[in-house]
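What follows is a single structure, written as structure tokens, with notes after it.
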Amino acid sequence: MFHVSFRYIFGIPPLILVLLPVTSSDCDIEGKDGREYQHVLMISINDLDTMIKNRTNCPNNEPKVFKKHACDDNKEGVFLYRAARKLKQFVKVNNSEDFNLHLSRVSQGTLQLLNCTPKEDNKSVKEQRKQKSLCSLGILLQKIKTCWNKILRGSKEH
Amino acid sequence: MLQITQDLIWTPGWNGVGELATCSVIFGALLNVKCLTFDKLQEMYFIKTKKFLLIGDSEIHVKLGGKNITSKKLNIVEIVKPEAPFDIRVIYRKGANDFLVTFNTSHSQKKYVKELMHEVAYRQEKNENDWMHVNLSSTKLTLLQRKLQPDAMYEIKVRSIPNANYFQGFWSEWSPTFHFRTPEITGRMDPVLLTISILSFFSVALMVILACALWKKRIKPIVWPSLPDHKKTLEQLCKKPKKNLNVSFNPESFLDCQIHKVDGIQARDEAESFLQDTSSQLDESEKRRLGGGMQGPTWPSEHAAITPKAFREDLPFGCLAGSISMCEALVQSSSRSPDCREGGKNGPHVYQGLLLGPGTTNSTVPTPSPFQSGILTLSPTAQGQPVLTSLGSSQEEAYVTMSSFYQNQ
């Protein structure tokens with residue numbers, strides 16, 4: 001009898017832990033009408049793109065950045081949340097003030113519009129170190145832009 | 001009221017009486033910082049920074065001596081006051097007869113508050129407080145010349161407000177006023193236009209006069225043709241054999257001719273002898289008339305019915321017994337015409353063709369003439385006999401002539 005209880009104690013909880021992400025709740029997106037994105041976030045993203053292109057020549061092959069995460073259906077909020085938090089890592093001292101401000105605006109503005117559960121907060125903290133090159137930043141920004149467009153298209157259809 | 005462009009200005013609501021807050025702080029909706037402190041400038045507190053997030057609400061706290069006096073929650077994007085437009089100009093376009101108003105705004109170069117609604121106000125300088133307002137989203141406006149007073153001085157100004165898609169707020173200050181004068185309307189017309197207008201006026205007047213003058217004679221018969229008069233139509237239908245032939249249904253034209261009663265038809269023998277002896281003076285009309293009812297070659301033989309009494313006295317009758325050629329010769333000898341005038345000579349011939357009895361000639365009997373209105377029943381025998389018999393038997397019959405028809409009317 002005792003050995004049977006051990007199986008249940010040490011076997012099932014890990015199973016539950018593994019299965020939990022499937023049932024995890026999504027982030028709520030507040031700016032679905034697109035006003036904040038079109039009048040504030042998109043402007044900053046475009047300015048950052050311009051500044052990155054002026055400073056570096058990125059290769060055509062896409063660097064591996066944020067590969068694990070994608071703007072899947074019903075997972076857009078989570079993706080944006082993680083992407084916005086990752087943007088903060090690109091804020092550096094040697095960047096210009098405008099560059100840093102735009103980065104902060106996109107990051108903080110996106111987070112302001114998302115209402116995510118604490119579980120997501122805890123999980124994102126554990127993200128590992130990522131590449132911090134400007135080209136990867138540019139790709140990340142494009143992914144954020146694409147995901148926002150997807151969200152807005154979906155909200156228009158509804 | 002808070003004004004924001006790239007800076008944030010905090011104006012206290014109590015007109016700044018007494019000691020104002022020593023510190024005013026804004027929390028929230030800031031980038032990379034938790035709060036910012038206002039700077040004091042005379043009666044105003046202001047912040048000039050780029051660290052506005054522009055998303056979400058902020059809180060402003062007014063502190064006095066470290067204590068929090070009041071606070072206000074607001075969204076910065078809802079209290080935007082744009083910068084005033086500038087460089088307003090008015091250009092008169094003669095070809096289009098309008099005024100083109102253009103102005104400039106610094107917000108066309110800005111990143112966030114780009115879309116504005118503008119208000120243009122203009123008035124005549126002498127009319128106080130009589131401003132006309134026009135709203136537009138672009139920086140160009142057209143004013144029509146006909147809607148403005150000519151030769152007048154106008155002033156114009158413009159202001160802006162966020163167009164409320166995302167950014168909202170207050171009207172900006174008015175731009176500096178621009179003055180312009182509308183051109184006066186010249187009395188002198190274009191000479192070409194003047195010439196054309198005069199020519200067209202005169203041509204129209206001429207056409208009206210011609211229409212009035214020629215209405216009855218020319219225009220009305222075509223537009224409203226009158227029904228033909230049967231008497232006139234008949235006169236026109238009658239063909240004149242000679243110029244001298246007077247064709248008319250009016251008996252008064254035969255007054256010159258002597259009309260004799262026909263007493264009767266002489267015996268045939270007497271007529272024959274008479275015809276052989278004398279030659280008649282026959283007109284073409286008589287010949288024609290005779291020929292109308294009969295065949296030409298048979299004409300001489302039918303002369304036997306001519307009243308020899310009428311022709312015996314004067315007229316040569318050589319042709320009556322002879323051939324047609326002789327008759328033609330006689331016809332041509334118009335010198336032996338009777339007393340009837342030339343024009344009236346034809347009358348009795350025609351008359352004779354129509355006479356059926358002697359009765360009606362009593363009213364118009366002139367002096368006897370050799371050319372009596374004898375009855376020339378020179379129709380073929382088959383046709384003539386009924387006429388002869390009627391002549392012989394009905395002396396009392398009234399003459400039925402076309403003139404009688406005319407008179408009866």
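Values below: all heavy atoms of this structure, side chains included; hydrogens, waters and symmetry mates excluded.
- Heavy atoms of Gln112(A) lying under 4.5 Å from chain B belong exclusively to its side chain.
- Leu101(A) contributes atom CG, which lies 8.0 Å from atom OG1 of Thr49(B) (distance to the nearest 0.5 angstrom).
- Other residues, nucleotides and ligands contribute over 12 non-hydrogen atoms within 6.0 Å of the CE atom of Met51(A).
- Residue His39(A) holds its NE2 atom at 11.5 Å from CD1 of Ile55(B), rounded to the nearest 0.5 Å.
- Note that CD of Gln108(A) is 6.5 Å distant from CG of Asn32(B), once rounded to the nearest 0.5 Å.
- Each of Val40(A), Leu41(A), Ile43(A) was evaluated against Leu54(B); a single residue qualifies, Val40(A), per the side chain to side chain contact (heavy atoms under 4.5 Å, CB included) test.
- The two residues Lys111(B) and Asp47(A) come nearest to each other via the heavy atoms NZ-OD2, 3.0 Å.
- Residue-environment remark: NZ (Lys114(B)) stays at or below the threshold of 12 foreign heavy atoms within 6.0 Å.
- Rounded to the nearest 0.5 angstrom, His102(A) NE2 and Lys50(B) NZ are separated by 8.5 Å.
- The closest donor-acceptor contact from the side chain of Arg35(A) to the backbone of Asn165(B) lies under 3.5 Å.
- The neighbour count for Lys145(A) NZ, taken as heavy atoms of other residues, nucleotides or ligands under 6.0 Å away, is above 12.
- Rounding to the nearest 0.5 Å gives a distance of 9.0 Å between CG of Leu53(B) and OG of Ser44(A).
- Within 6.0 Å of CZ on Arg181(B) lie more than 12 heavy atoms contributed by other residues, nucleotides or ligands.
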